[in-house]
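A short write-up of the structure that comes next.
Start at 1 with the first residue, then count along the sequence. Any value given below was found using the heavy atoms of this structure, including those in side chains, with hydrogens, waters and symmetry copies removed.
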Amino acid sequence: MARNAIEFPHPVLNEYLKDYVDCGFSIAITDCTDNTGNIEIGVKYELSCVGLEELIKDGKAEVVLRVISGATLFRKAYIFGQKQEIIVSINKKELSGNIEVSAYIVAKTNIDNFLLKEHNNAYFHEKAFKIKKSDILADVPGIFIPLESELEKQISSIIIIDLVKEISKTEIKFSNSTDDDSDGLIHIRLPEAEYTEYHTIRSRFAKLGIKRFLQNALMLPAIIEAIDLLKYELTVTDEDTDRTSYKGTVWADSILANLKKLEIDLEDNNIPSSVKLANELLGNVIKDSIQDLSLKMKEWSNVTEESRIGGID
């Protein structure tokens, strides 16, 4: 979770502040496995700060892992203890969409004379601070992990994002069953400027949970149109032999197979709208996008509970 806008009354080690000199604190996801109904997440932390390392070793501070699922309101803290890597197991039913994994170093007890040689003297001039139990001493921005269902994975895999320098506006190309040179997929063709922005966002801001935003902006409209094309093909009966056919392509067969799993028949006049069906095929991407946006806006606006009290669970 980003904390660049939060001010603390004592030195805190993170990537935004300059309270420490030549120190670092980070985490990495070492594993994320679906194991018989439980999601097992492996997390390892790296700390380069002798002063904080000694506090942890002496039992005066501890490294805490926090896991949040905004879609289900799941929120739980886990203690590393004296280990640098832990694996947490969470019931899959308690998680949905994106989950956020973040870490903190917190005080386990009151520290009356908090002064480390790594503190930035240009800021603090060797000033000692009083630390209360549970005060944050270091934190690291959250890492977002998308928990895609098998349905989402299959639907996402039928869409390719292409760079097409020759066009000026975004286009969607649907492979048809008579095109022998086609790969059978849906191609979202982006002009160079849009593709560059898309690639930059996807590569630089992936940890901020941007994936669902991109799916909502690009994939959802494509799946909506794809469903409309299939509806027309399945329900319109005429003698127009030149009419384009899509059944038999990878994308069409994948959508039809997954709709069948949801007990949806496109030839039924009483089926839900294409928007609702596409959103369901993408694992309720609209809800995830709104919730992720809400979460980030709260962080950026400093209105989360952590911002107000300066602590953690």
Side-chain angles (χ1 to χ4, degrees), residues 1-29 43-68 70 75 77-80 84-86 100-145 201 203-210 292 294-313:
M1 182 177 293
R3 295 187 172 272
N4 53 316
I6 298 177
E7 296 183 359
F8 294 89
H10 57 268
V12 171
L13 173 61
N14 63 31
E15 67 179 62
Y16 304 108
L17 304 176
K18 297 181 180 180
D19 295 353
Y20 284 71
V21 177
D22 297 329
C23 293
F25 179 48
S26 63
I27 59 172
I29 306 299
V43 183
K44 182 179 182 179
Y45 79 83
E46 295 289 342
L47 174 63
S48 57
C49 178
V50 174
L52 290 176
E53 290 174 359
E54 289 178 351
L55 289 177
I56 294 170
K57 184 177 179 180
D58 294 340
K60 295 180 180 180
E62 62 187 355
V63 182
V64 179
L65 176 74
R66 187 175 69 170
V67 180
I68 295 176
R75 180 187 183 104
Y78 303 85
I79 309 300
F80 278 88
Q84 280 193 262
E85 182 176 359
I86 60 173
E100 183 188 16
V101 177
S102 54
Y104 308 82
I105 298 177
V106 299
K108 289 184 67 176
T109 184
N110 294 340
I111 304 175
D112 293 328
N113 189 33
F114 182 57
L115 174 61
L116 304 181
K117 63 180 181 180
E118 293 88 357
H119 288 169
N120 189 341
N121 285 333
Y123 286 177
F124 305 113
H125 308 288
E126 298 186 355
K127 173 180 171 61
F129 295 83
K130 285 191 175 183
I131 299 298
K132 296 179 180 179
K133 181 180 179 180
S134 297
D135 275 353
I136 294 174
L137 306 181
D139 66 4
V140 64
I143 297 176
F144 284 86
I145 304 174
I201 292 172
S203 59
R204 290 184 58 190
F205 303 107
K207 71 178 183 179
L208 299 181
I210 203 69
D292 288 347
S294 175
L295 178 62
K296 299 315 296 181
M297 291 302 293
K298 287 177 181 178
E299 290 178 13
W300 293 332
S301 300
N302 259 350
V303 297
T304 58
E305 181 180 356
E306 291 91 345
S307 300
R308 292 194 299 270
I309 65 174
I312 67 165
D313 297 338

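- For the pair Leu65 and Val101, the tightest heavy-atom approach, listed with the atom from each and the gap, is CD1-CG1, 3.2 Å.
- Within the 3.5 Å criterion, the main-chain N or O of Ala107 finds no donor-acceptor partner in the side chain of Asp135.
- Here the CD atom belonging to Glu85 is positioned 11.5 Å from the OH atom belonging to Tyr45, to the nearest 0.5 angstrom.
- In this structure, the separation between OG1 on Thr109 and NZ on Lys133 is 7.0 Å, given to the nearest 0.5 Å.
- By the 4.5 Å heavy-atom criterion applied to side chains, Glu118 and Val21 are not counted as neighbours.
- Annotation for Ala103 and Phe25: closest pair O-CE2, 3.9 Å, computed over non-hydrogen atoms.
- Glu62 contributes no side-chain N or O that, together with a main-chain N or O of Ile79, makes up a donor-acceptor pair within less than 3.5 Å.
- Checking side-chain atoms of Asn14 against main-chain N and O of Tyr16 turns up a donor-acceptor pair under 3.5 Å.
- To the nearest 0.5 Å, the span separating CG on Asp19 from NE2 on His10 amounts to 9.0 Å.
- Under the rule for a salt bridge (Lys or Arg N to Asp or Glu O under 4.0 Å), the partners of Lys44 that lie at least two apart in sequence or sit in another chain are Glu46.
- One distance of note links CG of Leu55 with CG of Leu137; it measures 7.0 Å at 0.5 Å rounding.
- Interatomic distance, CZ of Phe144 versus CD1 of Ile29, reported as 12.0 Å (0.5 Å rounding).
- Applying the ring-ring contact (aromatic ring centres under 6.0 Å, His included) criterion to Phe124, with sequence neighbours excluded, gives Phe129.
- Residues Lys127 and Leu115 are not in side-chain contact: their nearest non-hydrogen atoms beyond the backbone lie 4.5 Å or more apart.
- Each of Asp139, Leu47, Val64, Leu13 was compared with Ile105 under the side-chain contact (heavy atoms from CB on, under 4.5 Å) criterion, and only Leu47 meets it.
- Between the side chain of His119 and the backbone N or O of His125 there is no donor-acceptor pair closer than 3.5 Å.
- Heavy atoms only, all atoms of each residue included: Gly142 and Glu100 are closest at CA-OE2, 3.6 Å.
- Scanning both residues, Pro141 and Glu15, for their nearest heavy atoms gives CG-OE1, 3.3 Å.
- With rounding to the nearest 0.5 Å, the separation of SG in Cys49 from CG in Asp22 is 10.5 Å.
- Between Tyr123 and Lys18, the closest heavy-atom pair is CE1-O, 3.4 Å.
- Of all heavy-atom pairs spanning Val140 and Ser26, the tightest one is CG2-CA, 3.8 Å.
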